[in-house]
Amino acid sequence: MSLEAELHEEMIAIYHHVGRETGYWANRYLQRVRRVGGLQAAKTWLKPKSSSTSGLQKLADIDRLDLSLEALVLRQPWSTLFTNEELKVAQHRINIASNFRLPEEVSSQQNLVEGSICQVTINSYERNPEARRRCIEHYGATCCICGFNFEAKFGSIAQGLIHVHHLKPLSEIQHEYKVDPIADLRPVCPNCHVVIHLGGKTRSIEEVKALSQN
């Protein structure tokens with residue numbers, strides 16, 4: 001069996017594995033793989049301007065990004081079938097999906113409603129990925145407290161990496177609400193985000209800025 005044929009079989013196996021692990025059956029994914037073949041389907045999904053594969057954030061939420069298409073193509077021997085640009089896209093999406101999230105940060109639905117309790121290891125308040133995207137689009141992926149930027153430090157592999165902080169924690173709101181990505185959210189680096197929540201309280205952006213200056 002050729003390497004391309006083996007990849008095709010692996011991609012079909014991913015569909016069944018993800019379904020059994022998560023209850024999420026990506027039928028459109030399976031249909032495309034069967035229609036055009038695994039390699040061609042993967043290359044289409046890994047174009048720089050294409051969207052992430054369905055379910056990527058779901059896998060991040062249960063800490064199983066290893067089951068994603070993006071993780072598959074980054075592994076040997078499959079990575080030899082892809083260009084450096086395609087592999088960079090896969091790695092970038094893995095980075096964004098994992099994104100050093102705090103325990104409270106999980107994905108939500110496509111509308112900008114947040115705060116629904118979902119059951120993971122503990123009760124967590126859902127985070128909306130579209131709200132996150134709009135916040136970063138407006139403010140950039142630079143920490144608004146200390147000015148740290150992952151891409152500037154580590155290069156394009158870390159493009160877009162940043163935490164997004166709710167000025168009023170969802171755990172205090174205790175119900176769904178419509179989030180304003182500009183008014184309610186701010187980009188902060190993981191270090192500053194930890195200090196914001198250090199000791200079980202929530203400090204303001206201004207408080208942490210003052211601490212960093214001291």
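Predicted, not measured: the structure shown is a model, and the values here were computed from it.
- Considering all non-hydrogen atoms of both residues, R186 and C144 come closest at CB-SG, 3.8 Å.
- Under the 3.5 Å distance criterion, the side-chain polar atoms of Q40 are left unmatched by any main-chain donor or acceptor of G37.
- Remark: the backbone N or O of Q159 is not paired with any side-chain donor or acceptor of S156 at under 3.5 angstrom.
- No single ILVMFWY cluster, assembled from side-chain heavy atoms under 4.5 Å apart, contains both I182 and I205.
- Hydrophobic clustering of Ile, Leu, Val, Met, Phe, Trp and Tyr side chains at less than 4.5 Å, counting indirect connections, keeps I196 apart from Y139.
- Atoms OG and CD1, on S68 and I94 in that order, are 3.5 Å from each other to the nearest 0.5 Å.
- You'll find the side chain of L39 stays beyond 4.5 Å of the side chain of M11, heavy atoms only.
- Side-chain contact between L211 and R203 is present, with at least one heavy-atom pair separated by less than 4.5 Å.
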Please walk me through it: do I14 and L72 pass side-chain contact (heavy atoms from CB on, under 4.5 Å)? CA-CA 9 Å; I14 279 180; L72 176 68; 3.5 Å; yes
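- Of all heavy-atom pairs spanning H193 and V164, the tightest one is CE1-O, 4.0 Å.
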Is there a side-chain contact (heavy atoms from CB on, under 4.5 Å) between I136 and I162 once you walk through the steps? CA-CA 8 Å; I136 294 174; I162 197 72; 3.5 Å; yes
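- Side-chain atoms of Y29 never come within 3.5 Å of backbone atoms of L69 as a donor-acceptor pair (strictly under, hydrogens ignored).
- The CZ atom of F82 sits 6.0 Å away from atom NZ of K43, with the distance rounded to the nearest 0.5 Å.
- Checked against side chain to side chain contact (heavy atoms under 4.5 Å, CB included), E9 has the following partners two or more places apart in sequence or in another chain: M1.
- A continuous path of Ile, Leu, Val, Met, Phe, Trp and Tyr side chains, each step under 4.5 Å between heavy atoms, connects L46 with L3, placing both in one hydrophobic cluster.
- Annotation: the span from K209 atom NZ to Q213 atom CD amounts to 8.0 Å, rounded to 0.5 Å.
- The closest side-chain heavy-atom distance from I12 to L30 is below 4.5 Å.
- The heavy-atom pair separating P181 from C135 by the smallest distance is O-CB, 3.6 Å.
- Residues L87 and S79 form a side-chain contact, since some pair of their non-hydrogen atoms from C-beta on lies under 4.5 Å apart.
- The main-chain N or O of D66 is found under 3.5 Å from a side-chain atom of R75 such that the two form a donor-acceptor pair.
- Nearest heavy-atom pair, G38 versus H8, reported as atom, atom and distance to 0.1 Å: N-ND1, 2.9 Å.
- Between L167 and A183, the closest heavy-atom pair is CD1-O, 3.3 Å.
- Distance check, rounded to the nearest 0.5 Å: CZ of R20 to NE2 of H17 gives 6.0 Å.
- In this structure, the side chains of V89 and W45 stay at 4.5 Å or more apart for every pair of heavy atoms.
- No more than 12 heavy atoms of other residues, nucleotides or ligands sit less than 6.0 Å from atom NZ of K88.
- Taking the six-membered ring where tryptophan is involved, the planes of H16 and W25 are perpendicular, since the angle between them exceeds 60° and thus also 30°.
- Considering S212, P187, C143 in turn, C143 is the only one that fulfils the side-chain contact (heavy atoms from CB on, under 4.5 Å) rule with C192.
- In terms of modelled atom types and a separation under 3.5 Å, the side chain of E86 and the main chain of T83 share a donor-acceptor contact.
- With rounding to the nearest 0.5 Å, the separation of CG in N27 from CZ in R32 is 14.0 Å.
- In terms of the ring pair (Phe, Tyr, Trp, His ring centres under 6.0 Å) criterion, residue partners of F148 (sequence neighbours excluded) are, by chain and number, F150.
- If you chain together hydrophobic residues whose side chains sit under 4.5 Å apart, Y24 and Y15 fall into the same group.
- Two residues are said to be in side-chain contact when any heavy atoms from C-beta on lie closer than 4.5 Å; H165 and H197 meet this criterion.
- Taking each heavy atom of G160 and R132 in turn, the nearest pair found is O-NH2, 3.4 Å.
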